[in-house]
Q: 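The structure's right below; bear with me while I get my questions together.
These figures come from a predicted structure and were not determined experimentally.
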Amino acid sequence: MADWDYIVVGAGTAGCLLANRLSARHRVLLLEAGGSDRYHWVHIPMGYLYCIGNPRTDWMLRTREEPGLGGRSLLYPRGKLLGGCSSINGMLYLRGQAADYDGWRQMGCTGWGWHDVLPLFKRHEDYHAGESAAHGAGGEWRVEPQRLSWTVLDDWARAADAAGIPHTDDFNDGDNEGVAYFKVNQRRGWRWNAARGFLAPVKRRETLKVETGAQVERIVIKQGRATGVRYRRGGATVEARAGAEVILAAGTIGSPQILQLSGIGPGALLQEMGVEVVRDAPVGENLQDHLQIRCAWRLHGARTLNTMANSLAGKARMALEYALTRSGPMSMAPSQLGAFARSSPEVATADLEYHVQPLSLDAFGEPLHDFPALTASVCHLRPESRGHVRITAPDPAAPPEIAPNYLSTPGDRLTAARAIRLTRRIMAQQPLARYSPEEFRPGAEAESDAALAEAAGRIGTTIFHPVGTARMGADDGAVVDPELRVRGVAGLRVIDASVMPTITSGNTNAPTLMIAEKGADMILGK
């Protein structure tokens, strides 16, 4: 008799929801390579500054040197703890556009259109304003307004409106074009991660066992069927057996890495690495990510986080406000104001996303500048560039090669140039004139398409939205079918962001939860 009905690998965003749903009826083992989420900086919203780049909570991965970014290698944060990336991310609740999911359906992924998936988003949602046609209430996933505002951001929103991007009340009703403050996954000023939402309520179920510090080495495959996993924990090697299925929920980097280590991947790569080929498949290809272009302006006479955080008195006020009211800068998401816009009139739906912040710094993790400033990061929502994730050794502890191939197509470079021009147009509007904004990133000297694309590569960085490396599809080249079953291997599914055939037009955490909800329904026969 098998040890478990289902083994779920990865206790991140998808894995926590899957464990919750499946353990209601079946015996489930949930394996997480990282540790607990019991760390105060996980739950204080501003704590992402201390979790990203921290080996306690982050896998500390890097991309290869990217040609489109002038040869730079980027930090590539991935959550290494219960809750996964939901424990260290920006907490923004964004589903994408109806056209994203209708596009999946048109690619052959039956059952994945907008009207198919909207009820799944609503099922686990607990929206602050209650139930409506677009939102759910009473679910495990709390969605609230942010507990702060900034005058300079209010003025930026008015400037965006003057530039043709009107105010919107909701980014999540299928059409996200407009400008507004983001809604966040918080409860009363605390981060709300997947471990709190989905694991904590069921942690005492006899049918569920959660093991942390469990590094999966490979999937055990016998006669074409996944029968369990082999993993290391506390210096010992353990093999756990699954009677029904093994489910990979290790994310866009982790899931293809485990598949490749198990012999499922590009045959030539596996042979080069000394891994026996079980199935030759394009696992790890089709990597997509959003590149954010961090445009920044020096301001005059503006209240921003730069000046607040660069004095002891300012830091003390921030800490006191959070301690007393759970509000203020310590409660804020990395980006507070958002906007979705079109890069040109020919684009059918918004293809640019802004993350606007009342701060500036040279790079993530560096000190804030000592002058008032505003950063208007803008990313191309539907990039053409495709990259890959590939193992570099037959060792689970060896980091894989991550190659997003940013700005590798003429279309992506043109959209980057248009994005910077639109940002400049917004900053030139009358509502911001009182701050006499001075562009210092990328710098006003870049004007031509080629110069702006080069500048985008110089200042661009990941906004942490990798997807697509175990692509779902109805064609033989897809890694998983529309029921998320790995082609050619029985008893094995992938249920996480890696199955997206194309990236969603927004942040990717909420769509990952929806994928897990739909995957659980498929497994349970709903």
Q: Looking only at non-hydrogen atoms, find the nearest pair between M91 and P334 and report the distance.
A: CE-CD, 4.2 Å

Q: Is the shortest side-chain N to carboxylate O distance from D126 to R187 below 4.0 Å?
A: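 Result for this pair is yes, salt bridge flagged.
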
Q: Counting the benzene-type ring for Trp, do F182 and H355 have ring centres under 6.0 Å apart?
A: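 Between H355 and F182, which both carry aromatic rings, the centre distance is below 6.0 Å.
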
Q: If you count heavy atoms of other groups shown closer than 6.0 angstrom to OH of Y39, is the number above 12?
A: yes

Q: Are the ring centres of H128 and Y93 closer than 6.0 Å?
A: no

Q: What do you reckon, is CD of E65 surrounded by more than 12 foreign heavy atoms closer than 6.0 Å?
A: no

Q: Identify which one of D155, L299, L374 satisfies the side chain to side chain contact (heavy atoms under 4.5 Å, CB included) criterion when paired with L432.
A: D155

Q: In terms of side-chain geometry, is the basic nitrogen of R95 or E125 positioned less than 4.0 Å from the acidic oxygen of its partner?
A: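 Yes.
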
Q: Work out which heavy atom in E32 is nearest to a heavy atom in L81; give both atom names and the distance.
A: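 Taking E32 first and L81 second, the nearest heavy atoms are OE2-N, 3.5 Å.
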
Q: Can you give me the closest heavy-atom contact between T462 and L291, atom names plus distance?
A: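 So the two residues come closest at N-CD1, 4.3 Å.
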
Q: Show the numbers, then the answer: is there a side-chain hydrogen bond (donor to acceptor under 3.5 Å, both in side chains) between T504 and D100?
A: CA-CA 6 Å; T504 53; D100 299 331; 5.1 Å; no

Q: If you look at every heavy atom in W141 and W192, which pair is closest and at what distance?
A: CH2-O, 3.3 Å

Q: Does the separation of the ring centres of F171 and F340 fall below 6.0 angstrom?
A: yes

Q: Tell me if a side-chain donor or acceptor on T469 pairs with a main-chain N or O of T252 at a distance below 3.5 Å.
A: yes

Q: Any ion pair linking E439 and R424 (charged N to carboxylate O, less than 4.0 Å)?
A: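 Looking at E439 together with R424, the answer is yes, because their closest N to O distance falls below 4.0 Å.
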
Q: What I want to find out is whether E285 reaches R390 closely enough, with some N-O distance under 4.0 Å, to be called a salt bridge.
A: yes

Q: State, without any angle test, whether E438 and H300 hold a side-chain donor-acceptor pair at a distance under 3.5 Å.
A: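 Side chains of E438 and H300: pair found under 3.5 Å.
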
Q: Salt bridge or not between R458 and E454? Use side-chain N to carboxylate O under 4.0 Å.
A: yes

Q: Scan residues 310-333 for pairs that pass ring-ring contact (aromatic ring centres under 6.0 Å, His included), counting only residues two or more places apart or in two chains.
A: W190-Y322

Q: So that I can tick it off, tell me whether R191 and D37 are bridged by a salt bridge, with the cut-off set at under 4.0 angstrom between side-chain N and carboxylate O.
A: no

Q: For L61, give me all partners under side chain to side chain contact (heavy atoms under 4.5 Å, CB included), at least two apart in sequence or on another chain.
A: W59, Y76, R78, I253, P399, P400, I402

Q: Heavy-atom count check: over 12 atoms from other residues, nucleotides or ligands less than 6.0 Å from L312 CG?
A: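 Not more than 12 within 6.0 Å, no.
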
Q: Tell me the closest heavy-atom pair linking L30 and G10, and the distance in Å.
A: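 Heavy atoms only, the tightest pair is CD1-O, 3.5 Å.
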
Q: Flag the pair Y435 / W297 as yes when their ring centroid distance falls below 6.0 Å, and as no otherwise.
A: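 No - the distance between ring centres of Y435 and W297 does not fall below the 6.0 Å cut-off.
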
Q: So, T304 versus W150: side-chain donor-acceptor pair below 3.5 Å or not?
A: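 There is no such pair (donor and acceptor under 3.5 Å, judged by atom type) between the side chains of T304 and W150.
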
Q: R64 and N405: side-chain donor and acceptor closer than 3.5 Å?
A: yes

Q: Among side-chain atoms of Q292 and T461, is any donor-acceptor pair under 3.5 angstrom?
A: no

Q: To the nearest 0.5 Å, what is the distance between CG on N509 and CG on N89?
A: 5.0 Å

Q: Check L31 against A214 and note the closest heavy-atom contact, atom names and distance.
A: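 What the structure gives for the nearest pair is CD2-CB, 4.0 Å.
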
Q: Evaluate the ring planes of H369 and F371, with Trp represented by its six-membered ring, and classify them as parallel (under 30°), tilted (30 to 60°) or perpendicular (over 60°).
A: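 Correct class here is parallel.
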
Q: Does a salt bridge link R382 with D351, judged by any charged N lying under 4.0 Å from a carboxylate O?
A: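 Between D351 and R382 there is no salt bridge, as every charged N stays at least 4.0 Å from the carboxylate O atoms.
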
Q: If the condition is ring pair (Phe, Tyr, Trp, His ring centres under 6.0 Å), which residues does Y127 pass it with, not counting sequence neighbours?
A: H135

